[in-house]
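Quick notes on the structure that follows.
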Amino acid sequence: MTDDDNNDQDIALAGLHLDTLAVRAGIARTMEGEHAEPIFLTSSYVFDNAADAAARFSGTTAGNVYSRYTNPTVRAFEQRIAALEGGEQAVGTASGMAAILSTCMALLKSGDHVVCSRNVFGTTVNLFSKYLAKFGVEVSFVPLLELDQWRDAIRPNTAMLFMETPSNPLCEVADLAAMAELAKASDSLLVVDNCFCTPALQTPLAMGADIVVHSATKYLDGQGRCVGGAVVGSRHHMEEVVTFLRTCGPTMSPFNAWVFLKGLETLRLRMEAHSRSAQELAEWLQQQPAVDKVFYAGLPDHPGHELACRQQSAFGGVLSFTVTGGKQQAWSVIDGVRIMSLTANLGDAKTTIVHPATTTHGRLSEQDRASAGISDNLIRVAVGLEHIDDLKADLQRGLATLG
Ligand SMILES: *Cc1c(COP(=O)(O)O)cnc(C)c1O
């Protein structure tokens, strides 16, 4: 495919709704006339002649050379996720962490400073504090919702603000427009991990973010099959990220891209179903005597409720709750369920349940856990697509073990 085809596609897709883009964006049929997107499992491509090879290598002619650089199936995924996020360009990566790493390696340099939310994915914290620090990138961690602390942490060499909203597992909601303003005022990039909402529920670029990163492993796949990621933003920024990926290699596999293309077709339907069930389960949990507190932004008494109503179209599939007691009681509930899977993954058709304090957040110090609100009696549920009555009965079974 050439750049002209890209432009044709841009024109054809202009003004279409998300549901249409989720099914139609990125399609480039071959001469076979296939209706569904093909998987191009090929590592390299054949040139017409020596002159064509030279032209494609030098970049004077567009066209595939090698699948670490470009692959038609991966490109279809990239065009589709770019269209959904409302970004000029996207790039597929081997994992969500590869998306975050590539963004940082491409857009930061030694001597730069990053302000990062303390409430991001644990491995993201490690990436910044353990690896980027090794290459002279400094990072300050601040609480997601404390805008004053973000402002105070910014220095002349601050180049990036990095955040996730809503947060895991307490569903805290940060003001994307306010964060974008802060980034602009400090001449730094706002990078948002949009894993929990996906573009079906929230589009950070439209609210002023510069770059969106994704773990496609979660809701974009939606059925727990493949590991992958994506970075979305302006052509200017993506050019740097693409160059990093082509050089360093954490690219998306064509097979995984094909799975994610399928996932994107049903993204909106799934996100609405996840959100509907999570809302019902959250309301039901609030009425259970053994449950202390429920954390879900769809509940009117959640501190992030109003903001979530403004910047999200639904509240997502992840909720958490505390039970009366401590770790022993939380473990008892988890060990008492029969349907939900005991696994740390989320964004799956299958509901998952986990004890954050001893798994996903187990590496934090007790003090950091306490300040992040991850108490020993906290349980996180990532609501899947099973029937809501069966999920309630399952949690009922778990809660009943508390007597
Ligand atoms: C899982 C996850 C990641 C990392 O993605 P991988 O695909 O596992 O590398 C990053 N951010 C968030 C919010 C996640 O949930």
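First listed ligand is number 1; within each ligand, the first listed atom is number 1.
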What is the nearest protein non-hydrogen atom to [atom], stated with its residue, atom name and distance?
atom                    : answer
atom 9 (O) of ligand 1  : Met97 N, 2.8 Å
atom 12 (C) of ligand 1 : Asp193 OD2, 3.4 Å
atom 2 (C) of ligand 1  : Lys218 NZ, 2.4 Å
atom 8 (O) of ligand 1  : Ser215 OG, 4.1 Å
atom 7 (O) of ligand 1  : Thr217 OG1, 2.6 Å
atom 4 (C) of ligand 1  : Phe121 CE2, 3.3 Å

- Message: Quick check: His302 with Phe315 (ring centres under 6.0 Å apart)?
- Response: no

- Message: Which residues pass the side chain to side chain contact (heavy atoms under 4.5 Å, CB included) test with Val142, not counting sequence neighbours?
- Response: Val115, Gln149, Trp150, Ala153

- Going by heavy atoms, is Ala98 under 4.0 Å from ligand 1? no

- Task: Please check if any side-chain donor atom of Thr401 sits under 3.5 Å from a side-chain acceptor atom of Ser332, or the reverse.
- Result: yes

- Say whether Arg24 and Thr20, considering side chains only, have a donor N or O and an acceptor N or O under 3.5 Å apart. no

- List for me each residue that meets side chain to side chain donor-acceptor pair (under 3.5 Å) alongside Thr251, sequence neighbours excluded, and say none if there are none. none

- N or O contact, Gly96 vs ligand 1, cut-off under 3.5 Å: yes

- Under the side-chain contact (heavy atoms from CB on, under 4.5 Å) rule, what do Gln202 and Met207 come out as? Steps first, then yes or no, please. CA-CA 9 Å; Gln202 167 177 285; Met207 285 176 273; 4.0 Å; yes

- Task: Report the distance from atom OG of Ser117 to atom CZ of Phe141, rounding to the nearest 0.5 Å.
- Result: 9.0 Å

- Those atoms of ligand 1 less than 4.0 Å from some heavy atom in Gly228: 7 (O)

- Message: With heavy-atom distances below 4.0 Å as the criterion, list the atoms of ligand 1 near Glu164.
- Response: 13 (C)

